[in-house]
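What follows is a short report on a single structure.
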There are 2 protein chains.
Amino acid sequence: MNTQAGEKSKPITGPKTGAAKDAGVPALGDIIGYKLRRAQLMVFQDFIESFSQLKLRPAEFSVLAIIATQPGLKQSEIAGMLGIKRANFVALMDGLEKRGLAERRKADGDRRSHSLHLTAEGARFVKKMSAVWQGHEDRLIARLGGAEERDRLITLLDRLLDSDED
Amino acid sequence: MNTQAGEKSKPITGPKTGAAKDAGVPALGDIIGYKLRRAQLMVFQDFIESFSQLKLRPAEFSVLAIIATQPGLKQSEIAGMLGIKRANFVALMDGLEKRGLAERRKADGDRRSHSLHLTAEGARFVKKMSAVWQGHEDRLIARLGGAEERDRLITLLDRLLDSDED
DNA sequence: CGAGAATGTTATGTTACAAAACAATATGAC
DNA sequence: GTCATATTGTTTTGTAACATAACATTCTCG
């Protein structure tokens with residue numbers, strides 16, 4: 001969020017203001033989207049710091065996680081899962097391939113598509129990556145107040161998402 | 001574990017997590033940050049569509065809401081509240097001023113700073129804006145399952161944010 | 001007064017993201 | 001089998017969000 005030293009940043013996170021004052025003008029603390037955005041930025045900030053040593057960004061992390069658990073998927077399939085345009089997926093995959101973590105193989109039946117797989121080094125990398133992620137996730141769960149609270153949060157976010165599935 | 005009810009079919013948002021721990025590699029559905037991001041994108045998408053007629057983006061909405069409820073604040077104060085760099089706030093405020101919705105006034109004691117206020121047209125605009133927002137927010141609350149669920153979501157998001165305030 | 005900080009601003013760079021066009025290949029109607 | 005159409009990966013391009021540095025003006029305070 002704000003990594004600058006001298007800057008002050010106090011997001012509006014106060015207690016719920018029961019009634020909207022000022023003729024229906026919403027207070028920032030009552031706006032779901034505002035809170036969601038601030039929380040997402042905070043979580044991503046923690047993520048990015050956690051993975052600064054591994055030089056891994058959130059999108060790259062998610063791609064590696066999918067390739068690790070479901071090897072052989074095509075580029076457009078993975079891009080579709082993550083909501084990434086396949087045009088923008090190219091450079092991302094180029095990076096992973098250049099680092100020797102993942103590779104494109106010729107798909108069996110279809111000569112247009114590439115099936116994606118981890119390299120041996122990529123498999124080792126995913127192990128380290130997963131450990132780092134676990135620390136990050138544990139930190140978030142602690143802030144939430146425990147695993148049950150995490151589950152409740154996931155459940156609520158799923159309710160927002162379920163009616164929206166692509 | 002967050003795996004209880006919902007068995008989705010399509011993409012990733014529905015955790016297919018049974019005991020799907022491939023050597024600690026997280027499933028996307030179990031990642032707080034991933035779910036947060038997807039939910040935030042969905043909410044912003046709904047917001048942007050809701051405000052397409054008013055041609056108002058989320059950042060502009062939040063600035064107008066602050067000016068409406070707390071007129072007279074300085075640019076750097078509002079930028080600080082919203083986590084916007086004051087350098088980037090300039091163009092945003094220029095736009096609001098050019099549209100005749102808000103204005104910079106010379107601050108009383110300090111000739112460097114500007115105090116921000118709504119114009120008369122801006123006040124009318126904020127009324128319409130608030131009505132549109134209420135529809136947007138009600139839609140989200142309905143997805144969540146009611147106002148009580150909304151409050152629970154806000155509470156959980158606040159837990160993530162509270163420990164993050166400077 | 002004079003050094004340093006704050007404020008608004010300009011300029012610039014980086015990154016995420018979307019849209020359009022294209023070659024190669026696949027698919028399906030006929 | 002042929003041909004129109006769709007899909008896949010890719011390149012190119014544009015836009016919006018976001019950060020950083022530098023600057024002039026003004027304030028603060030020792």
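The side chain of B:Arg104 approaches C:dT9 more closely than any other nucleotide in the set C:dA18, C:dT9, D:dA17.
For A:Lys74 and D:dT8, the shortest distance from a side-chain N or O to OP1 or OP2 is below 4.0 Å. The side chain of B:Ser76 contributes no N or O atom lying less than 4.0 Å from OP1 or OP2 of C:dA6.
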Show the numbers, then the answer: is there a side chain to side chain contact (heavy atoms under 4.5 Å, CB included) between A:Leu118 and A:Phe125? CA-CA 10 Å; A:Leu118 290 184; A:Phe125 185 88; over 6 Å; no
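Near DNA chain D, meaning a heavy atom under 4.0 Å away, there are no residues from residues 44-56 of chain B. Only A:Ala87, A:Asn88, listed by number, bring a heavy atom of residues 86-98 of chain A to less than 4.0 angstrom from any atom of DNA chain C.
Evaluation of the side-chain hydrogen bond (donor to acceptor under 3.5 Å, both in side chains) rule for A:Ser115 yields A:His117 as partners, not counting sequence neighbours. Evaluation of the side-chain hydrogen bond (donor to acceptor under 3.5 Å, both in side chains) rule for B:His114 yields no partner, not counting sequence neighbours. Taking B:Glu121 as the reference, B:Leu101, B:Thr119, B:Arg124 meet the side-chain contact (heavy atoms from CB on, under 4.5 Å) condition, with sequence neighbours excluded. Residues forming a side-chain hydrogen bond (donor to acceptor under 3.5 Å, both in side chains) with B:Arg104 (at least two apart in sequence, or on another chain): B:Gln75, B:Asp94, B:Glu97. With sequence neighbours left out, B:Gln45 forms a side-chain hydrogen bond (donor to acceptor under 3.5 Å, both in side chains) with B:Glu49. Qualifying ring-ring contact (aromatic ring centres under 6.0 Å, His included) partners for B:Phe51, counting only residues two or more places apart in sequence or in other chains: B:Phe47, B:Phe61. Listed by chain and number, the residues in a side-chain contact (heavy atoms from CB on, under 4.5 Å) with A:Ala59 are A:Leu92 (sequence neighbours excluded). Shown here are the side-chain contact (heavy atoms from CB on, under 4.5 Å) partners of B:Arg57, two or more places apart in sequence or in another chain: B:Glu60.
The NE2-P distance, from A:His114 to C:dA26, rounds to 12 Å in whole Å. One interatomic measurement links the two molecules: CZ of B:Phe61 to P of D:dA17, which rounds to 16 Å at whole-angstrom precision. In this entry the distance linking CG of A:Asp108 with C1' of C:dA26 reads 13 Å, nearest Å. Between B:Arg37 atom CZ and C:dT15 atom C1' the separation is 13 Å, expressed in whole Å. Following rounding to the nearest Å, B:Glu77 (CD) and C:dA6 (P) show an atom-to-atom distance of 14 Å. Distance, B:Glu60 CD to D:dA16 P: 11 Å, rounded to whole Å. Here C:dA6 presents its P atom at 15 Å from NZ of B:Lys85, a figure rounded to the nearest Å. Whole-Å rounding puts the B:Arg105 CZ to C:dG8 C1' distance at 18 Å.
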What string of B, S and - do you get for nucleotides 25-30 of chain D, 5' to 3', if B is base contact, S is sugar-phosphate-only contact and - is no contact with any protein heavy atom under 4.0 Å? BBS---
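Of the residues near DNA chain D, B:Pro58 and A:Ser115, the one whose nearest nucleotide (by heavy atom distance) lies more toward the 5' end is A:Ser115.
Side-chain N/O atoms of A:Thr155 and A:Asp151 include no donor and acceptor closer than 3.5 Å.
Under the 4.5 Å side-chain heavy-atom criterion for Ile, Leu, Val, Met, Phe, Trp and Tyr, B:Ile48 and B:Met42 are members of distinct hydrophobic clusters.
For residues 69-93 of chain A, no residue pair satisfies the salt bridge (Lys or Arg N to Asp or Glu O under 4.0 Å) rule, not counting sequence neighbours.
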